[in-house]
Number of protein chains: 2
Amino acid sequence: MHQPKNLQSAGLKSTTPRLKILSLFENSKERHLSAEGIYNILHSSGEDVSLATVYRVLTQFEQAGLLLRHHFESEKSVFELNLGKHHDHIVCLQCDHVEEFYDTAIEARQKKIAADHGFTIHEHSLYIYADCTKRNCPNKR
Amino acid sequence: MHQPKNLQSAGLKSTTPRLKILSLFENSKERHLSAEGIYNILHSSGEDVSLATVYRVLTQFEQAGLLLRHHFESEKSVFELNLGKHHDHIVCLQCDHVEEFYDTAIEARQKKIAADHGFTIHEHSLYIYADCTKRNCPNKR
DNA sequence: AATGCGAATGAGAATGGTTATCATTTGCGC
DNA sequence: GCGCAAATGATAACCATTCTCATTCGCATT
């Protein structure tokens, strides 16, 4: 019940722009997309959605729990489908490729550290910035 | 040799704006400051430094290794003196207070995870967003 | 201490990502 | 099919940050 399959169960009317953007996230092979990226993809496939609407829809989807927003080192926000499983990210500095990981030990340490400092964790973000040049860097920039 | 005491050893002329900003970081009790914050502090103490200069100096200091730049959840960059000891951050969502920590286990796990994925770590950022309301939240917003 | 020159600064314009405004259009219950 | 609230598109506005360019300053050299 963390990620509703359709828009109405998220309390959102099913409109053309929303459906297009949602299906983009579900079908694109790149899980992590920016507003501008989405706008460009839609326009290059002949779908006209205004940039303002892209931003509005992304924010709504985030609030509805459909999407997660990330702030990597670039200035723009990046979004991914919220599949309900928390994970952290490795971001390639060469090609912007993003890989996901989850580590029980890190999660546990964080909880303990926050507790030791008297805090209650709300959320956290862990981004590892790295080079994947020795591997097959998929989309060199 | 990681954090030069003065500007010339960092290859920077010692000018009034640079000296003021550096001493602000060295003397202010809040280690983490934004460009706007610095501008405001300087102006309320009668020191006139233009906002453009604040931004320029912060960027130069960062490149010289004097300062570290962080992107917390707010849209603006936050800086702190680079004392040469890496650490991560807990950011209070109530009052923006920042606390630092360092955990050997987390560092080790990160290195291992990156290696397992075939990456070479360049750097990483770990921010824990939390509530310190149960403690004495110093500057309620 | 006066000179000169490249670097630094200030004021304000410009930029890039994102949000707000408002007239027009659309989804959808009746 | 009607009607109205909600959603959209076009564009202006916003905010943090960077750029431009004329003026000023640090500092090495006389």
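Each chain gets a letter, A, B and so on, in the order the sequences are listed, and its residues count up from 1.
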Reckon B:S14 has a side-chain N or O less than 4.0 Å from the OP1 or OP2 of D:dC25?
no
Touch class at under 4.0 angstrom, heavy-atom based, for B:K13 against every strand present
base
Taking only side-chain nitrogens and oxygens of A:T53, does any of them come within less than 4.0 Å of OP1 or OP2 of D:dA10?
no
Does the side chain of A:S77 get closer than 4.0 angstrom to OP1 or OP2 of C:dT18 through an N or O atom?
yes
Rounded interatomic separation in angstrom, taking CG from A:L7 and C1' from C:dT26
15 Å
Classify the nucleic acid contact of B:T16 as base, sugar-phosphate or nothing, counting any heavy atom under 4.0 Å across all strands shown.
sugar-phosphate
Please determine whether any donor N or O and acceptor N or O are separated by less than 3.5 Å between the side chain of B:R18 and the base of D:dG26.
no
Are any of A:T15's side-chain N or O atoms less than 4.0 Å away from OP1 or OP2 of C:dT26?
no
In terms of relative ring orientation, are A:F72 and A:H70 parallel, tilted or perpendicular, with 30° and 60° separating the classes?
parallel
Short side-chain N/O contact to C:dT19 OP1/OP2 from A:Y55, under 4.0 Å
no
Once the angle between the rings of A:H124 and A:H86 is folded into 0 to 90°, is it parallel (under 30°), tilted (30 to 60°) or perpendicular (over 60°)?
perpendicular
Check whether any side-chain nitrogen or oxygen of B:S50 sits under 4.0 Å from OP1 or OP2 of C:dA11, and answer yes or no.
no
Could you check how far OH of B:Y39 sits from P of C:dG10, rounded to whole Å?
10 Å
Would you mind reading off the distance between B:L19 atom CG and D:dG26 atom P, rounded to a whole angstrom?
10 Å
